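Small disclaimer: the values here were computed from a predicted structure and weren't measured. Here is the naming used below: chain letters follow the sequence lines, and residue numbers restart at 1 for every chain.
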There are 2 protein chains.
Amino acid sequence: MTEINPKDPRDPAAYERPSVAVDLVLMSIVDAAPAVLVMRRADPPFAGQWALPGGFVRIDESLDEAARRILRDKARMDGAYVEQLYTFGALGRDPRTRVITTAYLALLSADSFAAALRAAPALKLAKVLTAWTGEAGGPAGVAIEGAAAPLAFDHADILGTAMLRLRGKLDYSNVAFALLPEAFTLRELQDIYEAVLGVTLNKPAFRRRMLDKGWLEATGARESGASFRPAELFRRAINPRQ
Amino acid sequence: MTEINPKDPRDPAAYERPSVAVDLVLMSIVDAAPAVLVMRRADPPFAGQWALPGGFVRIDESLDEAARRILRDKARMDGAYVEQLYTFGALGRDPRTRVITTAYLALLSADSFAAALRAAPALKLAKVLTAWTGEAGGPAGVAIEGAAAPLAFDHADILGTAMLRLRGKLDYSNVAFALLPEAFTLRELQDIYEAVLGVTLNKPAFRRRMLDKGWLEATGARESGASFRPAELFRRAINPRQ
DNA sequence: GCAATAGTGTCTGTCAGACAATATAGG
DNA sequence: CCTATATTGTCTGACAGACACTATTGC
């Protein structure tokens, strides 16, 4: 279908084209630890291994649309927080043929995460294994049902990049809210920060800092069910002042 | 050459493939203002308009290699600081055919910038026009020889993304050094920060902060040629403590 | 000595960490 | 009242901004 004419470097049709895919890093914080949704590969290459959900980009959809479609089809999910992460274009990353993949990062609340696991049986929860070795970043492994499992392709690199991005954005943006349900307590918000950053934070200071940012709005409601003083529930402010 | 078989969603060959390109944002700070190198397009689409240097990714090179090759071929430059910026995959961004482009950001010193302009006559210096409208970001225009000029394709979006990335990384990384020559004064370093952030900074505080970070190393040498007290020259520390 | 910029000292307000004290739900 | 956690108050040290002061070069 495509005639290769290597004579004209300005003509897009003069180049053999790579396949372009989108892979999703569906992350949440479960039991105070980062977790990601993976699927077991049925076919070669890497048959039997775990991989991030993904798919090829169609010729009539944008990259963002492809990410949304795969989120919908493979995780039965709509309306999550999604942002482009990085594009992986090394030569040997897919042994079949040349595949360039643009990874997207989606952040889900623990509730949405559980809902996706119920709605899409092919998905499996994997805990992210991160050696917090300084700023290096590097690839991140996963553990499934307690046992370390290798990831297919370069998906460990993708996951490592996702963890770095998430850590980096916590400080200066409000992505943390994407990992929480509509209403949440300050303790739950702090748990998110501590799980992602891998540190323990000072409670009064954290409280002050968050309230001063103006990102939060009191709902007036309180937690229920605990046998001690219930915490106040907050939500994301409608008009956050920057 | 490629047989389309839409029946098997797992087969890369089952999808019509987009063209994949790489575009470079070659940035520097010239006369205390952000500047970028552009080329005038000779052929349609957007013939006569200005565009970022770029090219199609070959089937036997990685994305990073393609960026380096284009840097070498179009800007006659080697060894600059280069990082991947973002991948632009909207549907109509190239009127000829489906082209997905991965943009790379390269940071150059004013000296390297001038050298590239001399070595590659097709390149032209363009001043970046940024309306510092809050955090929005948005597209950024350019001015060439004092007159505003439209950019081809979605290159204004790419440039806007580059400016945002540069601004964001100044605070927590040492990218500023990539915009300076080997040896530089603290005033020159501060000029970089002020030009990129669009603010004026306090001199003693800036000095303290930079020296405390441990990224700098005194060379022992001093500026020369000025008719006033010469400033001490620093270089990037070999073993920066984080 | 003069001009112009480099570099330093000091005060002050802001803010995060530490830690203690108080508040409040269920039992 | 007791337990466990939420929420608040206060002290303190680190640090950035402001601003004045001293240092040094060419002329």
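Contact annotation: B:R222 reaches the phosphate of C:dG7 (side-chain N/O to OP1 or OP2, under 4.0 Å). Contact between the side-chain N/O atoms of A:K203 and the OP1/OP2 oxygens of D:dA6 is found at a separation under 4.0 Å. Proximity of B:R207 to the phosphate of C:dG7: a side-chain N or O atom is located under 4.0 Å from OP1 or OP2.
Between B:A231 and A:P230, the residue anchored closer to the 5' end of DNA chain C is B:A231, taking for each the nucleotide with the nearest heavy atom. Residues A:F234 and B:N202 both approach DNA chain D. Their nearest nucleotides, taken by heavy-atom distance, put A:F234 toward the 5′ side.
Between B:F184 and B:F177, a ring centre-to-centre spacing shorter than 6.0 Å is recorded.
Atom NZ of B:K124 has 12 or fewer heavy atoms from other residues, nucleotides or ligands within 6.0 Å. The number of heavy atoms from other shown groups lying within 6.0 Å of CG (A:D171) is above 12.
Using a 4.0 Å heavy-atom distance criterion, B:E232 is classed as a sugar-phosphate-only contact.
Under the rule for a ring-ring contact (aromatic ring centres under 6.0 Å, His included), B:F234 has no partner lying at least two apart in sequence or in another chain.
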| message | Please determine whether side-chain contact (heavy atoms from CB on, under 4.5 Å) holds for the pair A:R165 and A:K169, giving the CA-CA distance in whole Å, both sets of side-chain angles, and the decisive distance to 0.1 Å. | response | CA-CA 6 Å; A:R165 170 75 62 95; A:K169 285 194 86 163; 3.9 Å; yes
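Looking at A:R187 and A:D191, a side-chain N of the basic residue comes within less than 4.0 Å of a carboxylate O on the acidic one, giving a salt bridge. The existence of a salt bridge linking A:E182 and A:R236 is excluded, since no basic side-chain nitrogen approaches an acidic carboxylate oxygen closer than 4.0 Å.
Near DNA chain D, meaning a heavy atom under 4.0 Å away, the residues from residues 183-193 of chain A are A:R187.
Remark: P of C:dT8 and CZ of B:F206 are 15 Å apart, rounded to the nearest angstrom. Whole-Å rounding puts the A:E223 CD to D:dA4 P distance at 17 Å. Taking atom CZ of A:R229 as the reference point, atom P of C:dT24 lies 6 Å away to the nearest angstrom. For the pair A:L233 CG and D:dA6 P, the interatomic distance rounds to 12 Å; values are reported in whole Å.
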Strictly under 3.5 Å: I want the nitrogen or oxygen pairs between protein and nucleotides 9-15 of chain D, one per line.
from   : atom 1 : to     : atom 2 : distance (Å)
D:dT10 : O4     : A:R208 : NH1    : 3.3

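Here the side chain of A:E194 pairs a donor or acceptor atom with the backbone of A:L201 at under 3.5 angstrom. A:N202 contributes a side-chain N or O that, together with a main-chain N or O of A:A205, makes up a donor-acceptor pair within less than 3.5 Å.
Side-chain proximity of A:A205 to the nucleotides C:dT5, C:dG7, C:dA16 is greatest for C:dA16.
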